[in-house]
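What follows is a single structure, written as structure tokens, with notes after it.
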Amino acid sequence: MKRQILAAALAAFACLGSAEAKTVTDVLGRQVEVPDDPQRVLLGFYFEDFYAIVGDNAYDRVVGISRGRWHDWRNSQWQAYAKVAPRIEELADIGMTANGELNLEVALAARPDVAILAAAQYKGLGEVAAKLEAAGVPIVTVDFNAQTVPTHVASALAIGAVMGTEDRARKLADDYAAAVADVEARVKAAGGDMKRVYVELGNNGAGEYGVSYAKQMWGGVIDLAGGANIADGAIDGRAALNPEYVLASNPQVVLIPGSYWVRSDKSVVMGFGVDPEETRARLRPYTARPGWAGLDAVKNGEIHALYHGGARTLYDYAFLQYVAKVLYPEAFADVDPEQSLKRFYETYLPIKAEGSFMVKLD
């Protein structure tokens with residue numbers, strides 16, 4: 001029966017056409033024909049960026065999301081948005097949209113005009129994405145995970161083009177590019193030896209080594225900030241580093257991204273409404289790991305927590321500023337990363353950045 005329903009839905013969608021359409025270039029360079037004024041959007045990821053680019057009432061035009069990526073991975077963030085946009089609680093859950101897990105029946109039942117998915121989601125879905133497209137739902141890909149200026153800019157402009165908010169998207173893209181360029185210029189002028197940096201996702205707590213990042217995500221932030229990422233050359237993309245390798249590398253700075261993961265009670269808690277002291281309490285056990293007392297980062301008090309939800313966003317330059325200031329304090333003496341973050345929220349988003357986002361372990 002489910003197959004019959006799905007087949008009928010596919011056939012119905014395949015017959016639908018748009019009287020008015022436009023062509024959008026997505027982050028993968030694909031030319032995608034989309035409705036001129038889409039009113040029913042499937043959104044796979046980058047929920048805050050979508051809000052910032054589209055503006056007030058952005059979610060009035062969204063009919064389905066990958067709920068787990070927002071509600072489960074960034075729960076304090078989800079709760080903050082649910083208060084100002086309660087409609088997100090009612091949106092269809094299309095699944096995690098990774099490794100073919102998209103719930104095609106739910107997605108089609110939402111009658112979308114267009115789907116906006118992360119590039120990795122689109123690639124991972126394979127045939128499922130092809131079926132969605134065959135049903136008449138164009139897919140536009142975006143990518144903030146790559147953590148590069150070109151992909152951030154292209155992704156912002158693609159969302160703006162789809163949603164008809166091109167001017168707002170261009171302003172966000174230009175501001176992002178300028179902020180990153182300023183950091184790069186300051187780092188270059190500062191010169192000197194690069195400090196060794198270790199980053200480890202804090203979702204499982206200090207009891208086990210979490211994944212690190214090389215050349216992407218927080219690894220990309222470290223590179224732009226002028227740090228020497230100890231994961232470079234040791235892993236490809238993201239993976240846990242060998243504890244002995246971490247000790248032998250003797251990082252001078254340790255970064256632990258935290259969040260409010262609903263399925264983890266040991267994580268480094270960060271985000272909206274979180275007391276920074278609670279974050280510090282979750283950070284301290286890391287310094288008690290075997291051998292860590294001898295690390296330069298521990299001896300010199302350079303253990304920092306960063307809000308993981310802040311990576312792969314149009315405001316991640318605030319965290320880039322923070323990391324760069326840790327590495328080159330004199331060059332960034334006049335830069336206030338926390339104010340940069342608050343200013344972004346005040347300008348583009350309906351909630352305030354109040355909570356724990358950038359924390360140094362005292």
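It should be emphasised that the depicted structure is a prediction, and the values quoted were computed from it without experimental measurement. For the numbers below, each heavy atom of this structure counts, side chains included, while hydrogens, waters and symmetry mates do not.
A donor-acceptor pair is defined here as one N or O able to donate and one able to accept, closer than 3.5 Å; no such pair exists between the side chain of R196 and the backbone of D296. Judged purely by atom type and a 3.5 angstrom limit, S155 uses its side chain to pair as donor or acceptor with the backbone of D143. A distance-only check finds no donor-acceptor pair linking the side chain of Y176 to the backbone of H152 [under 3.5 Å]. With hydrogens and angles disregarded, no donor-acceptor distance shorter than 3.5 Å links the side chain of E200 to the backbone of I256. Here the side chain of N229 pairs a donor or acceptor atom with the backbone of Y213 at under 3.5 angstrom. The backbone N or O of Y315 sits less than 3.5 Å from a side-chain atom of T313, completing a donor-acceptor pair. Side-chain atoms of D26 come within 3.5 Å of backbone N or O of T141 as a donor-acceptor pair. Looking at K325, its side chain does come within 3.5 Å of a backbone N or O of V335 through a donor-acceptor pair. At distances below 3.5 Å, at least one donor-acceptor pair connects side-chain atoms of T279 with backbone N or O atoms of V269. Listed for the R289 side chain is a donor-acceptor partner under 3.5 Å among the backbone atoms of E208.
Atom CD1 of I94 is separated from atom CG of L117 by 6.5 Å, given to the nearest 0.5 angstrom. The CD1 atom of I303 sits 10.0 Å away from the NZ atom of K360 when rounded to the nearest 0.5 Å. Atom-to-atom distance recorded for R312:CZ and D49:CG is 10.5 Å, nearest 0.5 angstrom. If you take CD on E48 and CZ on R74, they are separated by 9.5 Å, rounding to the nearest 0.5 Å. Taken from CG in D275 to CZ in R280, the straight-line distance is 8.5 Å, to the nearest 0.5 Å. Remark: K299 NZ to W292 CH2 distance equals 14.0 Å, nearest 0.5 Å.
Closest of all the heavy-atom pairs between A234 and I230 is CB-O, 4.0 Å. Nearest heavy atoms, A169 versus G160: CB-CA, 3.8 Å. Nearest heavy-atom pair across P112 and L42 is CB-CG, 3.5 Å. Nearest approach of L132 to A107, heavy atoms of both residues: CD1-CB, 4.4 Å. Between G205 and Y286 the shortest heavy-atom distance is C-OH, 3.2 Å. When all heavy atoms of A129 and I139 are compared, the pair lying nearest together is O-CD1, 3.7 Å.
Residues F357 and F272 place their aromatic rings such that the two centres sit under 6.0 Å apart.
By the 4.5 Å heavy-atom criterion applied to side chains, Y260 and H308 are not counted as neighbours. With contacts defined as side-chain heavy-atom distances shorter than 4.5 Å, the pair P251/L295 qualifies. In this structure, Q252 and N300 have side chains that are not in contact, with every pair of non-hydrogen atoms separated by 4.5 Å or more. Looking at V142 and I116, their side chains come closer than 4.5 Å, going by heavy atoms from C-beta outward. At least one side-chain heavy atom of Y198 sits under 4.5 Å from a side-chain heavy atom of S212. Annotation: side chain of S259 is not in contact with side chain of N203 (no heavy-atom distance under 4.5 Å). The shortest distance between side-chain heavy atoms of M96 and Q121 does not fall below 4.5 Å. You'll find the side chain of L327 stays beyond 4.5 Å of the side chain of F332, heavy atoms only.
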| query | Are W78 and D72 close enough, and set up right, to give a side-chain contact (heavy atoms from CB on, under 4.5 Å), and what steps lead you there? | reply | CA-CA 8 Å; W78 169 276; D72 295 358; over 6 Å; no
Exercise. How far apart are the C-alpha atoms of L108 and V137, what are their side-chain angles, what is the distance that settles it, and do they pass the side-chain contact (heavy atoms from CB on, under 4.5 Å) test?
Worked result: CA-CA 9 Å; L108 292 177; V137 183; 4.3 Å; yes
**Report entry** Worked verdict on V63 versus R111 for side-chain contact (heavy atoms from CB on, under 4.5 Å)
**Finding:** CA-CA 8 Å; V63 293; R111 298 181 293 110; over 6 Å; no
| task | Carefully, step by step, assess H71 and D93 under the rule side-chain hydrogen bond (donor to acceptor under 3.5 Å, both in side chains). | result | CA-CA 11 Å; H71 177 275; D93 180 9; over 6 Å; no
Q: List the steps, then state whether side-chain hydrogen bond (donor to acceptor under 3.5 Å, both in side chains) holds for Y307 with Q77.
A: CA-CA 11 Å; Y307 178 53; Q77 185 186 100; 3.2 Å; yes
**Report entry** CA sep, side-chain torsions, deciding dist, call: N242, Y209, side-chain hydrogen bond (donor to acceptor under 3.5 Å, both in side chains)
**Finding:** CA-CA 8 Å; N242 186 300; Y209 274 66; over 6 Å; no
List the steps and the verdict of side-chain contact (heavy atoms from CB on, under 4.5 Å) for V221 and L255.
CA-CA 11 Å; V221 172; L255 306 175; over 6 Å; no
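Residue D193 places its CG atom among 12 or fewer non-hydrogen atoms of other residues, nucleotides or ligands, all under 6.0 Å distant. Residue-environment remark: NZ (K22) exceeds the threshold of 12 foreign heavy atoms within 6.0 Å. No more than 12 heavy-atom neighbours from other residues, nucleotides or ligands sit within 6.0 angstrom of CD on E244. Counting non-hydrogen atoms of other residues, nucleotides and ligands closer than 6.0 Å to CZ of R40 gives a total above 12. Residue E277 places its CD atom among more than 12 non-hydrogen atoms of other residues, nucleotides or ligands, all under 6.0 Å distant.
For residues 159-168, the set of pairs meeting the side-chain hydrogen bond (donor to acceptor under 3.5 Å, both in side chains) definition, not counting sequence neighbours, is empty.
Classification of D175 and K171 as a salt-bridged pair holds, one side-chain N sitting under 4.0 Å from a carboxylate O. The existence of a salt bridge linking D336 and R343 is excluded, since no basic side-chain nitrogen approaches an acidic carboxylate oxygen closer than 4.0 Å.
R87 forms no cation-pi arrangement with Y59, by the criterion of a distance under 6.0 Å to the ring centre and an angle within 45° of the ring axis.
Contacts of D334 classified as salt bridge (Lys or Arg N to Asp or Glu O under 4.0 Å), with partners at least two apart in sequence or in another chain: R186. The salt bridge (Lys or Arg N to Asp or Glu O under 4.0 Å) check on D174 picks up R170, with sequence neighbours excluded.
Considering F47, Y345, F50, W70 as possible partners of Y81, the one that fulfils the ring pair (Phe, Tyr, Trp, His ring centres under 6.0 Å) test is W70.
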